[in-house]
Each structure stands twice: as C-alpha cells, then as structure tokens.
Amino acid sequence: MSALLSVRDLRVEFTTSAGTVTAVDGASFDVAPGETVALLGESGSGKSVTAQAVLGIVPKPAGRITGGSVEYDGRDLLAPGTAGKLRGREIAMVFQDPLSSLNPVFRVGTQIGEMFRRHRGASRKEARAEALELMRRVGIPAAEKRLDDYPHQFSGGMRQRVMIAMALALSPKLLIADEPTTALDVTVQAQIMELLARLQAEEGMSLVLITHDLGVVADVADRVVLMYAGRVVETGPIREVYEHSAHPYTSGLMGSVPVIDGPRERLTPIQGAPPDLLALPSGCSFRPRCRYAESVCAEREPVLLAAPGRPDGHRAACHRTEHVLRDAEGVLHDA
Ligand code: SF4
C-alpha cells in the first residue's frame, strides 16, 4: 500500500547560543493509510521536532529544515505554504497540554463549533449541534450541559477529549498526537489511548503517536519508529520489535515495561542520560550508554539495515544487532 505520509532523510537544525544542533539527522519512515505509528524516544531524541517539520511548525528563526523530503498524499509538505493549508483540515494535531491550545475566555462548545463555522460555513446553530455531537463521540459526559463550560472547568483528561474533538472536527486523514497523555494520570492515560484507538478505527485515519513511554503505545500502535539523538535507530511492526529488539536502546527502554507477553525484568534498563547534541560521541551516539559497545562502534556510525533473520520491515542501526537479537531471544525463552 502506498504511504499517506513519507518522510525521507529529514534533517532539522537549530541555532543555539552554543552552536548548531542537528535535532533530526536523516530520519526516514512511512505512515500508511489507516495505520498507527508510534514515534518513540527520550526527551531530545528528535521525535517532536520531526512532527513539527511534518506540520510545518518548526520554530523560526532558530530552527530550519536543511535536508530531506516530507510527502503527504503525493504533495510536498516542505514546499512553502503547503503544510499550512493542510493543517487542521487534512492533518490535525493534539498536544500534551490542551490548556495552552484552548482559549481560556471562550466556552468549549464555541471553540469546537468555530471549526465548522470557519472551515465549513456552518451557522451558529449548526456549529453548536456539530460540537455537541463531537463532544459525545469523544466521551464527554453530560455533553449538552458542558458545551457552555470554559476550559478551566474541565479536568485534564476531559480537556484532552475536547482537544481531540477539535482535531477531529474536519475529519482529518492524519492525526499527529504529541505526548497526548503525558500530563495525565495512568487511568486517564489508558482511557485517552483507548479513545484515540477507537476514533482511529472509526475514521479510518492514520495516527502518529509521539511518546517517550513504550507502555502507552503497546496496545494501539501497528509499527514503531525509535529515535535516538535525532536518528532512527530501530523500526518495525510493534510486536516484532517488542519481542525481538535488535537495538540495545530498544531493549533498554523495554527493561522496565511489562508488555504483551509478560514481564521482562531480566533486561537491563538504560543507564545514563540522553546525549548532548552539541557534543555527540564519535561513531554511534548511543555508545556511552551501551553495554554492547566495542571498538567499531567508536569508528563508524551504524546505518539502518534489515535485522538479520527477522521479517521484512524490521530494521536497526547497530553494529551488534545479531548479539542483541540473540539476547532478546534468551530473555523470551527464559521468561
Ligand atoms: Fe551499542 Fe555499538 Fe550498537 Fe551503538 S552500534 S548501539 S554502541 S553495539
């Protein structure tokens, strides 16, 4: 199936007082129609900047796209003005903090209805009816009464539902959700994820979930793209990557996440902190934290290659993939 979104060799740089930082360094991935892809990584891995590039909202003047391509439905999203035209209509987004995206002085029903008034020419009455319908679809209890409430009168989880309603107003083909549950407690996180998964299936839209939390996306994503220091280090079908991690970063992230087939306590969680992008080590950026590192890792940067012996689409950027895979097998069989 041809991709709805295709990102190739994307490179995004930021100018800082200390020098130029490459926040995204050659990232490539596809999102098929109706597919849910998790962009996963720690803070500073480049996942949110990648999303900003897709949406055409890389902060200027500090940030700039210096290479690569982003195609959406055959259109060049990096061409001036293209992303702006599609944003909200075909490509919608949900952010971590709904309060910063909602206007505190307008009632939520008015804010959701405004999408229909502005983009569809709906009357006030029609817009209110559409807003009510959407609030019901995203599971806001007593939606009719809550139409006239202000954002601060909603809990964090309910505000995120309002944001999701606004994002869905124009029936987008692609929804990008950047850490949509990070600010919420665990129970509400699960509810919002269930909601996103249900809506994704109902609408048949593609969904890109950006998160640092592997556990959050375990049950909803089809594929995962793991980023580290601006680069894609592993990608593949989510179950395949969970069960047969081919990169030490992935197996480290999973060290504390009990998922799919039970606990994986035997894996060692990642030590250390994400790297300073202004002072990356030679060779592999993950090297200072990697228990598999050997001399070649300091000499050459690994490239993303098919994981040996694994199904199509599972790729990893590591000189010692075979060892990592073998260890992952051992953990599975011992568990
Ligand atoms: Fe570790 Fe070397 Fe693989 Fe990098 S290339 S993840 S340092 S084993």
Side-chain angles (χ1 to χ4, degrees), residues 6-29 39-70 76-84 87 93 95-97 100 176 178-179 182 208 210-213 225-235 247-250 252-253 269-305 315-320:
S6 183
V7 176
R8 286 288 170 277
D9 296 321
L10 181 68
R11 191 176 168 92
V12 185
E13 293 181 352
F14 282 82
T15 304
T16 74
S17 56
T20 298
V21 162
T22 304
V24 180
D25 187 4
S28 298
F29 62 94
L39 267 188
L40 190 77
E42 295 167 296
S43 172
S45 62
K47 58 193 191 304
S48 292
V49 178
T50 300
Q52 288 171 350
V54 170
L55 292 162
I57 55 171
V58 171
K60 291 190 173 129
R64 64 203 169 278
I65 295 168
T66 55
S69 64
V70 181
D76 175 7
L77 277 191
L78 300 187
T82 307
R87 209 162 53 231
M93 57 223 143
F95 295 110
Q96 177 179 338
D97 177 13
S100 64
I176 298 178
D178 190 356
E179 303 275 8
T182 300
V208 174
I210 297 165
T211 181
H212 65 282
D213 187 342
V225 176
L226 285 115
M227 294 188 72
Y228 188 81
R231 301 179 70 86
V232 175
V233 295
E234 184 162 8
T235 181
H247 194 284
Y249 181 52
T250 317
L253 280 181
I270 309 168
Q271 305 295 317
D276 176 356
L277 294 177
L278 283 163
L280 288 175
S282 63
C284 176
S285 307
F286 189 62
R287 182 166 52 88
R289 304 171 77 185
C290 183
R291 66 193 173 103
Y292 290 88
E294 55 181 23
S295 56
V296 65
C297 305
E299 291 157 13
R300 282 190 287 120
E301 190 169 296
V303 293
L304 200 62
L305 297 172
R315 292 183 294 155
C318 173
H319 294 304
R320 305 201 64 207

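Computed from a predicted model, the values in this text were never measured in an experiment.
With rounding to the nearest 0.5 Å, the separation of CD in Glu179 from CG in Asp97 is 12.5 Å. Rounded to the nearest 0.5 Å, atoms OG1 (Thr66) and CZ (Phe14) are 10.5 Å apart. Leu40 contributes atom CG, which lies 4.5 Å from atom CG of Leu226 (distance to the nearest 0.5 angstrom). Atom CD of Glu294 is separated from atom SG of Cys284 by 11.5 Å, given to the nearest 0.5 angstrom. In this structure, Thr20 OG1 and Glu13 CD are separated by 6.0 Å, a value rounded to the nearest 0.5 Å. The distance from atom CG of Asp213 to atom CG of Leu253, rounded to the nearest 0.5 Å, is 9.5 Å.
For residues 44-61, the pairs satisfying side-chain hydrogen bond (donor to acceptor under 3.5 Å, both in side chains) are Ser48-Asp178, with sequence neighbours left out.
Contact detail for Val12 and Ile65: the closest heavy-atom pair is CG2-CG1, 4.1 Å. Between Gly44 and Leu277, the shortest heavy-atom contact is O-CD1, 4.0 Å. What you find for Val225 and Thr235 is that their closest heavy atoms are CG2-OG1, 3.7 Å. Between Leu77 and Ala83, the closest heavy-atom pair is O-CB, 3.8 Å. Residues Leu55 and Arg87 approach most closely at O-NH1, 2.6 Å, considering heavy atoms. Nearest heavy-atom pair, Leu280 versus Ala229, reported as atom, atom and distance to 0.1 Å: CD2-CB, 4.1 Å.
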After noting the C-alpha distance and the side-chain angles of Thr182 and His212, does the key distance pass the side-chain contact (heavy atoms from CB on, under 4.5 Å) rule? CA-CA 9 Å; Thr182 300; His212 65 282; 3.8 Å; yes
For the pair Thr82 and Asp76, evaluate side-chain contact (heavy atoms from CB on, under 4.5 Å) and give the outcome as yes or no after the intermediate values. CA-CA 7 Å; Thr82 307; Asp76 175 7; 5.7 Å; no
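Residues Val54 and Val7 are in side-chain contact: their nearest non-hydrogen atoms beyond the backbone lie under 4.5 Å apart. For the pair Val24 and Arg11, the minimum side-chain heavy-atom distance is 4.5 Å or more. Side chains of Arg289 and Tyr228 form a contact here, defined as non-hydrogen atoms less than 4.5 Å apart. Between Leu39 and Val208, the closest side-chain pair of non-hydrogen atoms falls below 4.5 Å. In this structure, Pro275 and Pro288 have side chains that are not in contact, with every pair of non-hydrogen atoms separated by 4.5 Å or more.
Here the two rings, on Phe286 and His247, have centers that are under 6.0 Å apart.
No more than 12 heavy atoms of other residues, nucleotides or ligands sit less than 6.0 Å from atom CZ of Arg300.
One N or O on the side chain of Ser282 and one on the backbone of Ala298 form a donor-acceptor pair closer than 3.5 Å.
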